[in-house]
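The next block holds one structure in the form of structure tokens; read it before the comments.
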Amino acid sequence: MGHVLTQAQKALRETGGDRAGGVLGGVDPRARILGACAFALVTVLCDWLPVLLAALALASMLLILSRLPLRPTLRRMAAMDGFILFLLVLLPFTAPGDPAFAIWALTATWQGLEQAAQIAVTANAVVLALLVLVGTMEPVTLGHALSRLRTPERLVHLLMFTIRYIEVLRAEYLRLRQAMRARGFRPANSLHSYRSLGYLVGMMLVRAVERSERVLGAMKCRGFSGRIPLLETLRYGPRDAAFAGGLALMLAGLSATEIAHAAF
Amino acid sequence: MPLFELDHIHFAYPGHAPILRGAGLTLEAGQRLAITGANGAGKSTLLRIMVGLLVPDRGTVAAFGQVRRAEADFHEVRRRAGLVFQDPDDQLFCPTVTEDIAFGPLNLGKSRDEALAIAEDVLTRLDLTHLRERVTYKLSGGEKRLVTLATVLAMEPEVLLLDEPTNALDEDNAARLVEILTALPQAMVLVSHDTRFRAQIAPDSLRLNEGRLCPETG
């Protein structure tokens with residue numbers, strides 16, 4: 001989804017929405033991550049369509065509460081649909097069941113349509129909740145919160161180093177591309193183009209490896225011994241309790257409806 | 001007792017011709033030594049050898065009164081001699097400025113609060129308190145350079161090893177750096193192409209030529 005996350009908008013919050021992030025802005029990042037996970041878990045486990053639609057409505061409500069700009073956020077959500085579009089189109093024609101309609105020789109089934117709808121609604125609800133609750137954080141805050149949630153340290157380090165060096169790599173890429181353009185390079189469908197772009201990628205890899213060695217050297221110089229201490233202090237407050245309680249109530253409602261529907 | 005004593009250092013990067021061929025230098029307490037030499041003469045290599053990031057093929061490195069050979073010998077050297085890298089992006093890897101400065105003290109076993117106090121103190125001394133909460137990759141080139149110096153000073157080193165510190169600095173920031181460096185009490189080894197800067201910081205000068213260090217002439 002790289003093309004959707006352009007240079008100017010790293011965190012969704014920077015798309016020009018309310019800086020404070022609405023009502024959800026003040027909620028502890030850890031609570032938001034846990035909330036998004038709980039939401040995803042409940043939504044994925046449910047499969048009665050009205051419940052899923054309610055989950056999507058809940059995610060939309062969070063979107064409104066977060067005061068994010070609607071259009072860019074929904075566009076990001078739609079970017080995810082691109083990945084499952086193929087599946088959604090094929091499913092009605094491949095799932096066995098009662099025929100609904102036919103295109104040429106292919107017959108779509110009601111069961112297939114229902115499954116496709118379930119998947120589409122589930123995926124969108126989960127992605128929307130994730131965008132609203134987690135996508136609004138500064139990437140650095142996300143790293144700190146994950147670390148506090150006892151995510152394995154290696155993974156947190158990977159995330160932190162990615163955050164730190166992705167800009168450096170990008171700047172390096174742009175410098176090399178400019179240097180190529182300055183000497184009249186224009187990408188075309190030719191062997192020369194592919195070879196040159198190959199050199200570009202290779203050069204970036206080599207430089208990245210060399211840089212990583214220098215960074216490790218610098219870390220050793222300051223006594224690095226395998227742990228990177230993080231300093232951010234996070235504290236749960238009444239607002240987080242309200243958020244957790246509210247969300248738990250909603251999710252419990254969704255689960256109860258689903259179970260009641262399955263039982264009768 | 002000299003702080004550093006390098007004797008007959010030989011070094012070659014794998015697959016390349018030897019870059020250092022019998023280089024030696026002595027750094028006395030309080031001395032400020034500049035090293036000059038052509039591009040690729042091995043100046044940065046020499047600094048790396050001094051803190052044990054590279055291991056010489058031959059020759060001895062003695063630091064703070066002891067000969068240092070194994071990686072473990074150099075842990076103490078790295079604490080007492082702070083290397084400021086040529087490219088600040090290599091050195092600043094923590095998300096925020098305060099975290100980056102506190103990284104060294106925390107590794108030295110300081111508590112969270114002590115580390116934060118040290119970070120605050122160093123930032124105050126360098127007049128950089130406004131950068132405290134900034135994200136390191138969003139700093140300007142000059143700010144990055146000054147912050148790398150802060151990260152090293154937070155370890156309270158006895159020697160500063162500076163690798164091209166004026167690289168990519170504008171005149172204001174370079175003047176700022178001169179002001180800070182001249183006020184510091186530490187002994188220094190300075191690698192720089194900038195003649196005026198060298199004259200201001202470290203009048204003693206050695207030239208690295210054909211893998212050896214000799215006193216600068218003229």
Side-chain angles (χ1 to χ4, degrees), chain A residues 7-8 10-11 13-14 29 137-148 153 156-175 204 206-234, chain B residues 44 47-48 50-54 71 74-113 115-116 119 132-139 144 148 151-155 157 161 163:
Chain A
Q7 160 72 0
K10 279 180 215 96
R13 204 175 56 187
E14 292 169 25
M137 286 178 213
E138 272 287 333
V140 171
T141 313
L142 175 62
H144 282 146
L146 285 174
S147 157
R148 284 311 179 81
E153 246 175 25
V156 177
H157 290 178
L158 267 179
L159 176 71
M160 291 302 211
F161 278 108
T162 308
I163 296 166
R164 172 63 185 84
Y165 285 102
I166 201 154
E167 268 305 301
V168 175
L169 285 177
R170 204 184 113 84
E172 212 148 75
Y173 164 76
L174 290 178
R175 265 201 309 277
M204 284 187 61
V206 170
R207 288 188 183 192
V209 169
E210 288 192 339
R211 183 180 293 280
S212 72
E213 277 164 8
R214 291 197 303 270
V215 172
L216 181 63
M219 290 169 72
K220 277 186 184 171
C221 280
R222 292 200 275 152
F224 175 68
S225 53
R227 286 210 63 233
I228 300 180
L230 298 172
L231 288 174
E232 183 135 329
T233 38
L234 296 171
Chain B
S44 305
L47 293 187
R48 270 149 210 265
M50 290 172 78
V51 291
L53 293 178
L54 294 172
E71 167 75 13
F74 280 102
H75 289 165
E76 191 203 345
V77 180
R78 289 176 195 150
R79 181 163 58 76
R80 296 173 69 179
L83 174 59
V84 179
F85 281 58
Q86 200 173 110
D87 183 350
D89 275 322
D90 293 339
Q91 207 157 4
L92 302 177
F93 64 92
C94 293
T96 66
V97 168
T98 302
E99 271 171 343
D100 217 303
I101 298 176
F103 174 76
L106 285 169
N107 286 332
L108 297 183
K110 298 269 195 285
S111 76
R112 231 185 85 82
D113 292 335
L116 282 175
R132 201 184 293 133
E133 300 297 324
R134 291 276 297 277
V135 175
T136 46
Y137 65 78
K138 289 182 183 162
L139 297 174
K144 273 186 193 162
T148 54
T151 64
V152 169
L153 288 177
M155 315 258 304
L161 310 175
D163 194 352

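In what follows, chains are A, B, ... by sequence order, proteins preceding strands, each numbered from 1. Every heavy atom of this structure was used, including side-chain atoms; hydrogens, water molecules and symmetry mates were not.
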Does any heavy atom of chain A fall under 4.5 Å from the side chain of B:F85, the backbone, both, or neither of them?
side chain
Please classify the contact of B:L53 with chain A as side chain, backbone, both or neither, using a heavy-atom distance under 4.5 Å.
side chain
Do the ring planes of A:F161 and A:H157 sit parallel (below 30°), tilted (30 to 60°) or perpendicular (above 60°)?
perpendicular
Electrostatic pair A:R222:B:D100 at N-O distance under 4.0 angstrom
yes
Do you know which of B:L83, B:D87, B:V51 has the most heavy-atom pairs under 4.5 Å to chain A?
B:D87
Check ion pair A:R207-A:E210 (N to O, under 4.0 angstrom):
no
Applying a strict 4.5 Å limit to non-hydrogen atoms, the region of B:T148 in contact with chain A is neither
Would you mind telling me which of B:D90, B:V135, B:N107, B:L92 has the largest number of heavy-atom pairs within less than 4.5 Å of chain A?
B:D90
Would you say the side chain of B:S44 lies within less than 4.5 Å of the side chain of B:Q86, judging by non-hydrogen atoms?
yes
Closest non-hydrogen atoms of B:P105 and B:A154, given as atom of the first, atom of the second and distance, are CG-O, 3.8 Å
So for B:E71, is it side chain, backbone, both, or neither that comes closer than 4.5 Å to the heavy atoms of chain A?
side chain
Shortest non-hydrogen contact from B:Q91 to B:T151?
NE2-OG1, 4.3 Å
Might you point out which heavy atoms bring A:T141 and A:P29 nearest each other, and give the distance in Å?
CG2-CG, 3.6 Å
Looking at every non-hydrogen atom in both residues, tell me the closest pair between B:A115 and B:K110 and how far apart they are.
N-CB, 4.4 Å
If you check every heavy atom in residues 214-221 of chain A against those of chain B, which residues fall under 4.5 Å?
A:R214, A:V215, A:G217, A:A218, A:M219, A:K220, A:C221
Heavy-atom closest pair (B:K144 atom, B:T136 atom, distance to 0.1 Å) is CE-O, 3.7 Å
Contact class of A:F224 relative to chain B, heavy atoms under 4.5 angstrom:
both
